[in-house]
Q: 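Quick one: the structure is below, and I'll ask about it shortly.
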Amino acid sequence: MNDLKSSMADAADAVERALDRLLQLGGDPEDRVIEAMRYAVLGGGKRIRPFMVLSSSAMFGVDRASALRAAAAVEMVHCYSLVHDDLPAMDNDELRRGKPTCHKKFDEATAILAGDALLTRAFEVLADPETHQDARVRADLVLALAEACGERGMVGGQVLDLMAETTDLNMPEITRMQRMKTGMLISVACEMGAILGHASENARHTLHAYAHDLGLAFQIADDLLDVEGSIEKTGKKTGKDQAAGKATFVSLLGVERARGQAKMLSDQAVQHLEIFGEKGDLLKQLAHFVVERDA
Ligand code: GRG
């Protein structure tokens, strides 16, 4: 796991610098929204999704600067979703990544706009020729991210999640909701290396299959942390699902079976990567980290 720890730390540092460069204050009156965007993206988070972009890119020999721009774009979308998810109209949270949520630090309108601008900026970064010289690759990146974010992806999953507060979801419904809400962004993060590196359809499908299992394992681990984790380690309020009376993998399966299911999915994710040999090692280690993490 030492390999993984230092690679994740390197990736986190590099993506922090890329985000900082991409989100510079301009000295204009509208800087307030850029300050809120910077607050939302800089200085926190495990950077799992950027790590997925960078690791899958390394597998196909993608230029590091290109991969970093794609990684930054994915993290912008992730952070936008966190900012909006924390709003009073959604989860109404006050703590995120160990600090006040964006709307608490700034105000609600600024947080909404910062989220909107992060989402938009992510697509601008991907569409910029600096990200890749091949326009087809840029279009594929934009298409893949758009499919993961919209009403058939993350936003749709969030709608189902809000409905879960008043409707009892069963196991297939929860699985579908989580696949849309968190899984699809994780999938696109893993596939971006294949897109940037002109890899075969088969390679991209294999990464998709890996991410599919890993995304579910990630979400079960997140549900377990909501039950067993601490606010000090996770940097966010825990015990929320139970308080909201929401059905989760843990409420339906119980802690032990949920843990077993997460482990099984993470092992299954690793199996998919066998075709890549040693090149898949970091993503394999990540699959174990995701279910063993405490934050
Ligand atoms: C309001 C237009 C509009 C859209 C809403 C809010 C939203 C879209 C979607 C919610 C998606 C969401 C917040 C899912 C939760 C995913 C999750 C488990 C986040 C935590 O991810 P980690 O653990 O966090 O990787 P860090 O902080 O480490 O990056």
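We count residues from 1, following the sequence as given. Whatever order the structure lists ligands and atoms in, that order sets their numbers, starting from 1. Note: hydrogens, waters and symmetry copies are ignored here, and every other heavy atom, side chains too, is used. Just so we're clear, the structure is a prediction, and the values are computed from it rather than from any experiment.
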Q: Suppose we measure from atom 14 (C) of ligand 1 to each protein heavy atom; which comes out shortest, and what is that distance?
A: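 Residue, atom and distance for the closest contact: K181 CE, 3.5 Å.
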Q: Checking R49 against F218: charged group under 6.0 Å from the ring centre and within 45 degrees of the axis?
A: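 Because its charged atom sits under 6.0 Å from the ring centre and within 45° of the axis, R49 does stack over F218.
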Q: Which residue owns the protein heavy atom closest to atom 22 (P) of ligand 1, what's the atom, and how far is it?
A: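 Here the closest protein heavy atom is K46 NZ, 3.4 Å.
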Q: Do D267 and Q271 have a side chain donor and acceptor closer than 3.5 Å?
A: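 No donor-acceptor contact under 3.5 Å links the two side chains.
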Q: Could you give the side-chain donor-acceptor pairs of residues 250-258 under 3.5 Å, partners two or more places apart or in another chain?
A:
{"from": "S251", "atom 1": "OG", "to": "T248", "atom 2": "N", "distance (Å)": "2.8"}
{"from": "S251", "atom 1": "OG", "to": "T248", "atom 2": "O", "distance (Å)": "3.1"}

Q: Please work out whether the ring planes of H212 and H208 are parallel, tilted or perpendicular, with thresholds of 30° and 60°.
A: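 Judged by the thresholds at 30° and 60°, the geometry between H212 and H208 is tilted.
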Q: Are K279 and F60 in a cation-pi setup, meaning NZ or CZ lies under 6.0 angstrom from the ring centre and within 45 degrees of the ring axis?
A: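 No.
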Q: Could you check which of Q219, H84, Q178 puts a non-hydrogen atom nearest to atom 3 (C) of ligand 1?
A: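 It is H84 whose heavy atom sits nearest to atom 3 (C) of ligand 1.
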Q: At under 4.0 Å between heavy atoms, which part of I48 makes contact with ligand 1: side chain, backbone, both or neither?
A: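 It is neither part, as no heavy atom is under 4.0 Å.
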Q: Donor-acceptor pair, distance only, cut-off 3.5 Å: does the side chain of T234 make one with the backbone of K236?
A: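 Present.
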Q: Among protein heavy atoms, which sits nearest to atom 2 (C) of ligand 1, and what does the distance come to when rounded to 0.1 Å?
A: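 Closest protein heavy atom to atom 2 (C) of ligand 1: Y80 OH, 3.7 Å.
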Q: Take R69 and E130, measure what salt bridge (charged side-chain N to carboxylate O under 4.0 Å, His left out) needs, and give me the verdict at the end.
A: CA-CA 8 Å; R69 288 178 63 89; E130 251 194 73; 3.5 Å; yes
Q: Would you please say whether a donor-acceptor pair under 3.5 Å links the side chains of E94 and T101?
A: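 Checked: E94/T101 side chains show no N/O donor-acceptor pair below 3.5 Å.
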Q: If the cut-off is 4.0 Å to any non-hydrogen atom of M90, which atoms of ligand 1 fall inside it?
A: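 Numbered from 1, ligand 1 contributes 1 (C).
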Q: Given S81, G115, G156, which one has a non-hydrogen atom that is nearest to atom 12 (C) of ligand 1?
A: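 It is S81 whose heavy atom sits nearest to atom 12 (C) of ligand 1.
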Q: Taking only heavy atoms of V155, which atoms of ligand 1 are found under 4.0 Å from at least one of them?
A: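 By the 4.0 Å cutoff, the relevant atoms are 4 (C).
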Q: Does the gap between the ring centers of H205 and H272 come in under 6.0 Å?
A: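 Aromatic pair excluded; centres sit 6.0 Å or further apart.
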Q: How far is atom 16 (C) of ligand 1 from its nearest protein heavy atom, and which residue and atom name does that atom have?
A: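 Nearest neighbour among protein heavy atoms for atom 16 (C) of ligand 1, to 0.1 Å: T182 CG2, 3.0 Å.
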Q: Among protein heavy atoms, which sits nearest to atom 10 (C) of ligand 1, and what does the distance come to when rounded to 0.1 Å?
A: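 Nearest protein contact, heavy atoms only, for atom 10 (C) of ligand 1 is Q158 OE1, 3.1 Å.
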Q: Using a 4.0 Å cut-off to any heavy atom of M154, which atoms of ligand 1 qualify?
A: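 Going through ligand 1 atom by atom, the ones under 4.0 Å from M154 are 9 (C), 11 (C).
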Q: Within a distance under 4.0 Å of any heavy atom of R97, pick out the atoms of ligand 1 and give their elements.
A: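 Within the 4.0 Å cut-off of R97, ligand 1 contributes 26 (P), 27 (O), 29 (O).
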Q: Measure the distance from atom 25 (O) of ligand 1 to every protein heavy atom, then report the residue, atom name and distance (to 0.1 Å) of the closest one.
A: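 Looking only at protein heavy atoms, the one closest to atom 25 (O) of ligand 1 is R49 NH1, 2.7 Å.
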Q: For atom 18 (C) of ligand 1, what is the nearest protein heavy atom, given as residue, atom name and distance?
A: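 Atom 18 (C) of ligand 1 sits closest to the protein heavy atom D222 OD2, 3.4 Å.
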